[in-house]
Colleague: 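Structure incoming, see below.
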Amino acid sequence: MNSEIKTFNSAKEAPYDAICDKLAHIIDMNLNYTESKIWHAHPVWFINGNPIVGYGKLKRGLRLMFWSGQSFEEPNLKATGTFKASEIIYNVVDQIDAEDIKRWLKKAEDIQWDYKNIVKRKGKLERLN
């Protein structure tokens, strides 16, 4: 696990520290070739500089977010923001379904919108092939 992400996770209060650790482990095991770092104060994983998945603590729980998740057609992921992102909220570690996350991570590899160049394109997203 990336040392910055490990520090981020350990700074969270229970039960969110355990949720963070489990999510990071699942993501690292399934996207082991990606770059991971703290980005805008949250752990995020990237493929070729494009953000794919990340998580962070909100008042309502720990949010796992997929930047292109609205294109996954997954009922447990809810739309968030003004672009193509979707999320799921966890409040206890037992809510995490590793098989769901593995499936979503596979879709995150295959279905990507180009967030890396969104500023250059003045807020217009294009789908990557």
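Atom set for the values below is all heavy atoms of this structure, side chains included, hydrogens, waters and symmetry mates excluded.
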Colleague: Rounded at 0.5 Å granularity, tell me how far CD1 in Ile5 sits from NZ in Lys37.
Modeller: 10.5 Å
Colleague: Evaluate the ring planes of Trp45 and Tyr55, with Trp represented by its six-membered ring, and classify them as parallel (under 30°), tilted (30 to 60°) or perpendicular (over 60°).
Modeller: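 Taking Tyr55 first and then Trp45, their aromatic rings sit tilted (interplane angle of 30° to 60°).
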Colleague: Tell me whether Ile47 shares a hydrophobic cluster with Leu105, the cluster being built from Ile, Leu, Val, Met, Phe, Trp, Tyr side chains joined at under 4.5 Å.
Modeller: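 Yes; Leu105 is reachable from Ile47 via cluster members.
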Colleague: Would you mind listing the cluster partners of Ile89? Hydrophobic ones only (ILVMFWY), side-chain contacts under 4.5 Å, chaining allowed.
Modeller: Leu58
Colleague: State, with a plain yes or no, whether a side-chain heavy atom of Ile88 is found less than 4.5 Å away from one of Lys78.
Modeller: no
Colleague: Should the heavy atoms of other residues, nucleotides or ligands under 6.0 Å from CG of Asp97 be counted, would the total exceed 12?
Modeller: yes
Colleague: Looking at Phe66, I'd like to know if the NZ or CZ of Lys107 sits under 6.0 Å from its six-membered ring centre while staying within 45 degrees of the ring's axis.
Modeller: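 No - Lys107 does not lie over the ring of Phe66 by the 6.0 Å and 45° rule.
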Colleague: Honestly curious: do Met29 and Val93 fall in one hydrophobic cluster under the side-chain, below-4.5 Å linking rule?
Modeller: no
Colleague: I need the His42 NE2 to Cys20 SG distance, nearest 0.5 Å.
Modeller: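 One finds 10.5 Å between NE2 of His42 and SG of Cys20.
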Colleague: Roughly how far, to the nearest 0.5 Å, is CG of Leu31 from CD1 of Ile26?
Modeller: 11.5 Å
Colleague: Within the structure provided, determine whether Val53 and Val44 are in side-chain contact (heavy-atom separation under 4.5 Å).
Modeller: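 Side-chain contact under 4.5 Å: no.
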Colleague: Transitive ILVMFWY cluster of Val92 at side-chain heavy atoms under 4.5 Å: who else is in it?
Modeller: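 Reading the cluster by chain and number, Val92 sits alone, since nothing else belongs.
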Colleague: Check the pair Phe46, Thr34 against side chain to side chain contact (heavy atoms under 4.5 Å, CB included), reporting the backbone distance first and the verdict last.
Modeller: CA-CA 6 Å; Phe46 298 81; Thr34 60; 5.8 Å; no
Colleague: Do side-chain atoms of Asp114 reach the backbone of Leu128 as a donor and acceptor pair under 3.5 angstrom?
Modeller: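 Not at all, since once roles are kept as given, no pair shorter than 3.5 Å links the two residues.
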Colleague: Do Asp17 and Asn9 have side chains that get closer than 4.5 Å, going by heavy atoms?
Modeller: no
Colleague: Pair Ile27, Leu64 - check side chain to side chain contact (heavy atoms under 4.5 Å, CB included), show working.
Modeller: CA-CA 11 Å; Ile27 296 167; Leu64 175 64; 4.2 Å; yes
Colleague: So, taking the atom named CD in Gln95 and the one named CG in Asp100, what distance separates them when rounded to the nearest 0.5 Å?
Modeller: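 Nearest 0.5 Å value for the CD-CG distance: 12.5 Å.
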Colleague: What is the distance from atom CG of Asn76 to atom CD1 of Ile101, rounded to the nearest 0.5 Å?
Modeller: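 Rounded to the nearest 0.5 Å, the CG-CD1 separation comes to 10.5 Å.
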Colleague: For atom CE of Met1, decide whether the heavy atoms of other residues, nucleotides or ligands shown that lie under 6.0 angstrom number more than 12.
Modeller: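 Yes, the 6.0 Å shell around CE holds more than 12 heavy atoms from other groups.
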Colleague: Please give me the minimum heavy-atom distance between Gln70 and Ala85, naming the atom from each residue.
Modeller: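 The answer is NE2-O, 2.8 Å.
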Colleague: How close do Ile111 and Phe72 get, heavy atom to heavy atom, and via which atoms?
Modeller: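 The answer is O-CE2, 3.9 Å.
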Colleague: Search all heavy atoms of Ser86 against all heavy atoms of Gly69 and return the closest pair with its distance.
Modeller: OG-CA, 3.0 Å
Colleague: About how many Å separate OG of Ser71 and CD of Glu73, when rounded to the nearest 0.5 Å?
Modeller: 8.0 Å
Colleague: Would you tell me whether Tyr16 and Asp21 have side-chain atoms, one donor and one acceptor, within less than 3.5 Å of each other?
Modeller: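 Result is no, nothing qualifies.
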Colleague: With a 4.5 Å cut-off on side-chain heavy atoms, are Ile52 and Glu109 touching?
Modeller: no
Colleague: Do Asn91 and Pro15 come close enough that some side-chain heavy atom pair is under 4.5 Å?
Modeller: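 Result no, sub-4.5 Å side-chain heavy-atom pair not found.
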Colleague: Quick one, Lys57 with Lys12, criterion side chain to side chain contact (heavy atoms under 4.5 Å, CB included). Give me CA distance, side-chain angles, the key distance, then yes/no.
Modeller: CA-CA 8 Å; Lys57 176 69 176 75; Lys12 298 293 172 251; 4.1 Å; yes
Colleague: Is there a side-chain contact between Glu74 and Arg103 in this structure, where contact means two heavy atoms from C-beta onward sitting under 4.5 Å apart?
Modeller: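 A side-chain contact exists here, since the closest heavy-atom pair is under 4.5 Å.
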Colleague: I'd like to know if Tyr33 and Trp39 are part of one continuous hydrophobic network [Ile/Leu/Val/Met/Phe/Trp/Tyr, side-chain heavy atoms within less than 4.5 Å].
Modeller: no
Colleague: Within 45 degrees of the axis of the six-membered ring of Phe8 and under 6.0 Å from its centre: does Lys6 put its NZ or CZ there?
Modeller: no
